[in-house]
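Comments concern the structure below.
Each chain gets a letter, A, B and so on, in the order its sequence line appears, and its residues count up from 1.
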Amino acid sequence: MDKKYDHKIQEPKIQQKWEDLDVFKGKIEPDKKPFTIVLPPPNANGKLHTGHVLMLAIEDILIRWKKMQGYSTLWLPGTDHAGFETQMVFEKHLKEKGKSRFDYDRDTLYKEIWDFVEENKGIIENQMKRMGPGLDWSRYTFTLDESVVNTVYTTFRRMVDEGLVYRDDYIVNFCPECGTTFADLEIKHKDKISNLYYIKYGPLVVATTRPETKFGDVALAVNPEDDRYKEYIGKEIDYEDPLGKFSIPVIGDSYVDMEFGTGVLKITPAHDKNDYEIGLKHGLPVVSVIGLDGKMTENADKYAGMKVLEARELVVKELQDMGMIEKIDDKYENSVLVCYKGGHEIEPTVIPNWFIKVESLKKPALNVVKTNEVKIYPKWRKITYTRWMEEMRDWPISRQIVWGIRIPAWYDVDENPNLQITFINKKNQRITGKISDLLQNYPFEDVKEGLQTLIAPKDAKFRAQPGAQPRAEPCRLLQETDTFDTWFSSGHWPLATLKYPDSDDFKYFYPTSVMETGWEIIRFWVSRMIMFGLYLTGKPPFYDIYLHGLVRAVDGKKMSKSLGNAIDPLEYIEEYGADALRMGLISGTANGRDFAFPKDKVVAYRNFANKLWNMARFTLIMKDSLKEKENKDISNYTGDKSSLNDVDRDILNGLDNLIKNVDESLEKYRFSDASDFIYQFMWHEVADKYIENVKDREDKDIALGVLIYVLKTGLKLLHPFMPFVTEAIWEGLPVLDGDPELLINSKWPTV
RNA sequence: GGGUGGUUAGCUCAGUUGGUUAGAGCAUUCGGUUUACAUCCGAAAGGUCAUAGGUUCGAAUCCUAUACCACCCACCA
């Protein structure tokens with residue numbers, strides 16, 4: 001053996017060995033209990049980051065531990081298409097080429113992104129493999145695999161049949177210039193100076209920056225604590241504006257800031273996110289006065305057809321003429337939303353979206369956690385889940401992006417003349433309009449091929465199967481252009497990876513054992529998996545949930561590109577080895593909170609790997625010299641302590657104690673406790689004390705027999721944590737009764 | 001503004017249902033290489049457990065208040 005442990009030589013060698021012998025291939029063994037983990041899929045086109053390393057380390061510990069305990073283990077890998085994020089990355093590439101997504105029809109754009117992802121897909125897989133995870137790569141799944149899409153479609157159709165799917169208005173960030181919606185992440189705030197208009201509503205005065213939306217007002221709101229206006233709450237007040245005389249209810253809501261303006265807020269649900277929320281809360285109607293073309297709608301009566309800014313000017317002028325404007329503050333600083341693409345002002349707009357009724361889904365999902373059928377570790381995270389589930393409202397599942405699973409709904413253009421279409425025509429121009437108008441100038445096939453986006457009215461007739469032909473003549477069908485919210489599809493992940501509903505894998509390995517992931521996605525992801533699992537199978541998709549904390553940078557701050565404090569795990573693998581990096585991160589998991597990257601611990605565990613290596617090396621040196629000097633072999637310790645001296649018995653009792661501590665800690669997901677127990681025992685009890693004692697022993701044959709037994713047992717206990725170095729040392733140690741060739745195939749020690 | 005968590009050694013953090021002298025890694029100081037490892041060994045020093053009250057025979061741990069920090073969510077007409 002070399003004087004030093006060299007991870008650069010050993011780690012690839014050991015990894016290859018596991019792969020060659022197909023150690024982690026999941027097997028259906030009816031006489032064994034299954035133990036299953038589904039890997040939270042990293043971004044297919046991403047790179048390995050420290051969060052992935054921690055995730056892999058924890059899950060690998062569980063898998064190896066259970067495998068050695070005799071379970072039939074399966075750990076399922078996969079990657080995620082990461083809808084929105086990937087599309088953003090791709091669009092940056094387009095921008096470098098001087099293009100944008102608006103230059104492509106939907107199908108072409110999708111194919112281009114697919115190719116782009118395909119190119120980058122292998123990178124993260126290879127990086128993950130360097131951590132030595134016991135994943136079954138033969139069961140690899142990508143979230144856009146046909147089988148996943150089919151599973152998602154089947155669920156969707158079932159939900160349609162059971163009346164759980166509906167279409168309704170939903171407020172989104174709409175850019176009239178770009179003709180599309182933007183996700184919150186695509187929106188930027190821009191500070192600017194605006195006019196704040198103080199407009200009279202009967203006896204009250206409202207301060208607003210958007211007077212032109214007043215025709216969409218459905219209520220006025222005041223703070224219930226506000227003594228000035230208490231008397232108006234629940235009453236209707238009369239007011240006048242250029243369109244005539246109206247009355248409007250006054251509601252009380254603590255959202256209203258008494259300090260701002262006059263303390264009276266007009267509620268315009270169709271054109272403001274907060275107003276929309278308040279409207280929902282108070283059951284108010286939604287009146288849209290701005291259309292998708294950025295022009296005033298018929299609800300704005302004589303202003304209909306005018307652009308927003310034109311309408312604003314005119315409305316203000318006419319209000320002034322009527323004496324309805326108390327004052328104008330022209331130095332009001334506020335921030336407006338603009339789209340990232342062109343910096344155009346965003347018009348919050350309600351457009352029809354797809355929704356899932358969650359009432360019947362969320363109750364069982366809440367119950368399984370409340371009753372501890374599904375347990376959350378650490379337990380103080382439970383409240384995050386239960387609160388979310390209690391407050392969960394109907395789930396908008398459609399997204400106006402291309403990169404994802406397209407919603408399986410088809411519209412017959414003859415049944416739905418009001419479809420709002422944007423498409424690229426044969427001359428490469430973007431054309432927008434109502435389908436019935438467009439079809440007078442363009443053949444249907446042109447629209448279909450060049451289709452970019454489609455917005456169907458909320459009462460549009462759709463079918464969930466493209467083939468269905470209810471009418472005698474052939475239908476002209478256009479498929480919905482929205483895609484599923486990525487969490488709708490990834491909510492199926494435990495089911496999809498196990499090939500629900502009738503595969504052998506599914507029957508044997510479902511429900512899975514543990515869901516291990518970062519706590520920040522408990523609401524988005526974990527809750528959805530539980531809902532779908534219960535809805536489709538009646539069983540939760542897993543029984544334990546372990547939520548690890550976020551790894552922060554060395555300085556304790558969140559890692560970010562702009563701060564330049566991001567840690568590249570590959571550099572640490574190079575310098576200190578995957579084992580050391582894994583252990584360092586594990587040491588930060590004690591209580592499930594976020595933690596700063598523990599660089600010192602990585603170094604400490606690198607040293608520990610070398611210490612173990614030398615413990616084994618020295619044991620073998622002593623064994624050889626015993627043979628040489630006294631011509632004796634070591635005696636094979638069989639587990640009978642009665643004939644041993646106190647020192648031997650102490651170390652063996654210590655070992656028993658260690659086994660107990662490690663098991664207890666792992667059962668409670670106390671990974672750092674377990675690893676610390678092993679570290680302290682092996683280093684400070686075995687190396688510092690027991691080996692020193694062995695040096696002076698007369699009965700070296702017996703002492704070395706005990707030492708090798710202790711060493712091998714220690715390696716087994718440590719193997720789930722530091723798989724490479726323990727496996728590498730195992731190779732060189734003498735074979736005892738029942739020892740398999742590979743450490744990973746050995747039996748977990750018991751007391 | 002709502003929520004969650006934190007404040008323990010110079011640094012990064014453990015400390016589980018309250019119970020001997022509050023621990024680890026790193027850093028520091030002193031001493032050491034005869035049969036492994038200097039990525040080593042032995043020893044030492046270092047803490048009013050954020051602050052103020054309270055409960056208790058006993059509090060880092062439970063309760064109340066305050067201060068500061070971090071993160072999540074919602075963001076001002």
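- For Ala687(A), the side-chain atoms get nearest to A36(B) when compared with the rest of A36(B), A14(B), U39(B).
- Looking at Arg312(A) and Val315(A), their side chains never come closer than 4.5 Å, going by heavy atoms from C-beta outward.
- OP1 and OP2 of C40(B) both lie 4.0 Å or more from every side-chain N or O belonging to His684(A).
- Pairing for U35(B) is absent, judged as Watson-Crick or G-U wobble with the two contacts each under 3.5 Å.
- Here Lys3(A) lies in heavy-atom contact (under 4.0 Å) with sugar-phosphate atoms only.
- At a threshold of 4.0 angstrom between heavy atoms, the contacts of Met615(A) include nucleobase atoms, whether or not backbone atoms are also involved.
- A gap of 15 Å separates the C1' atoms of U16(B) and G23(B), to the nearest Å.
- Within the 4.0 Å cut-off from OP1 or OP2 of C40(B), not a single side-chain nitrogen or oxygen of Arg617(A) is found.
- Across the C1' atoms, U8(B) and A24(B) are found 13 Å apart, a figure rounded to whole Å.
- Using the Watson-Crick or G-U wobble rule with both distances under 3.5 Å, A65(B) pairs with U51(B).
- The separation of A27(B) from C13(B), taken at their C1' atoms, amounts to 14 Å, rounded to a whole angstrom.
- Geometric assessment of Lys4(A) against the ring of Trp613(A) yields a negative cation-pi assignment under the 6.0 Å and 45° thresholds.
- A heavy atom closer than 4.0 Å to some atom of RNA chain B occurs in Trp519(A), Arg523(A), these being the qualifying members of residues 516-529 of chain A.
- Proximity note for Lys611(A) (side chain, C-beta onward) versus C13(B), U39(B), C37(B): the nearest is C37(B).
- The CG-P distance, from Asn610(A) to C37(B), rounds to 10 Å in whole Å.
- Distances from the side chain of Lys695(A) to the nucleotides C40(B), U35(B), A14(B) place U35(B) closest.
- At a threshold of 4.0 angstrom between heavy atoms, the contacts of Ala207(A) include nucleobase atoms, whether or not backbone atoms are also involved.
- You'll find the ring centres of Phe724(A) and Tyr5(A) outside the 6.0 Å limit.
- Asp275(A) places no side-chain N or O within 3.5 Å of a backbone atom of Ala270(A) that could act as its donor or acceptor partner.
- Of the two residues contacting RNA chain B, namely Asp600(A) and Ser587(A), the nearest-nucleotide position lying further toward the 5' end is that of Ser587(A).
- Side-chain proximity of Lys700(A) to the nucleotides U4(B), A14(B), U35(B) is greatest for U35(B).
- Among the protein residues, Asp688(A) comes within range of the sugar-phosphate backbone only, with heavy atoms under 4.0 Å from sugar or phosphate atoms but none that close to a base.
- At U16(B), none of the side-chain N or O atoms of Asn591(A) fall inside 4.0 Å of OP1 or OP2 (strictly under the cut-off).
- We find that CD of Glu692(A) is positioned 12 Å from C1' of U34(B), with the value rounded to whole Å.
- Nearest nucleotide to the side chain of Trp683(A), out of C40(B), C37(B), U35(B): C40(B).
- Residue-level contact check: Arg593(A) touches the backbone only, with heavy atoms under 4.0 Å from sugar-phosphate atoms and none from bases.
- Remark: Asn607(A) is not in phosphate contact with C37(B), judged by side-chain N or O atoms under 4.0 Å from OP1 or OP2.
- Mapping Lys689(A) and Asn274(A) onto RNA chain B by nearest heavy atom places Lys689(A) closer to the 5' end of the strand.
- Annotation: A59(B) and U21(B) have their P atoms spaced 12 Å apart (nearest Å).
- Shown here, A45(B) forms no base pair; nothing in the strands shown gives a Watson-Crick or G-U wobble contact with both key distances under 3.5 Å.
- Using atom C1' as the reference point in both C49(B) and G6(B), the two lie 13 Å apart (nearest Å).
- Residue contacts shown for Lys668(A) include a base, since a base heavy atom lies under 4.0 Å away.
- Of the possible polar contacts, one joining the Arg399(A) side chain to the Pro396(A) backbone as a donor-acceptor pair under 3.5 Å is found.
- Using a 4.0 Å heavy-atom distance criterion, Tyr679(A) is classed as a sugar-phosphate-only contact.
- Lys611(A) forms no cation-pi arrangement with Tyr679(A), by the criterion of a distance under 6.0 Å to the ring centre and an angle within 45° of the ring axis.
- The base-pairing partner of U12(B), taking Watson-Crick or G-U wobble contacts with both distances under 3.5 Å, is A24(B).
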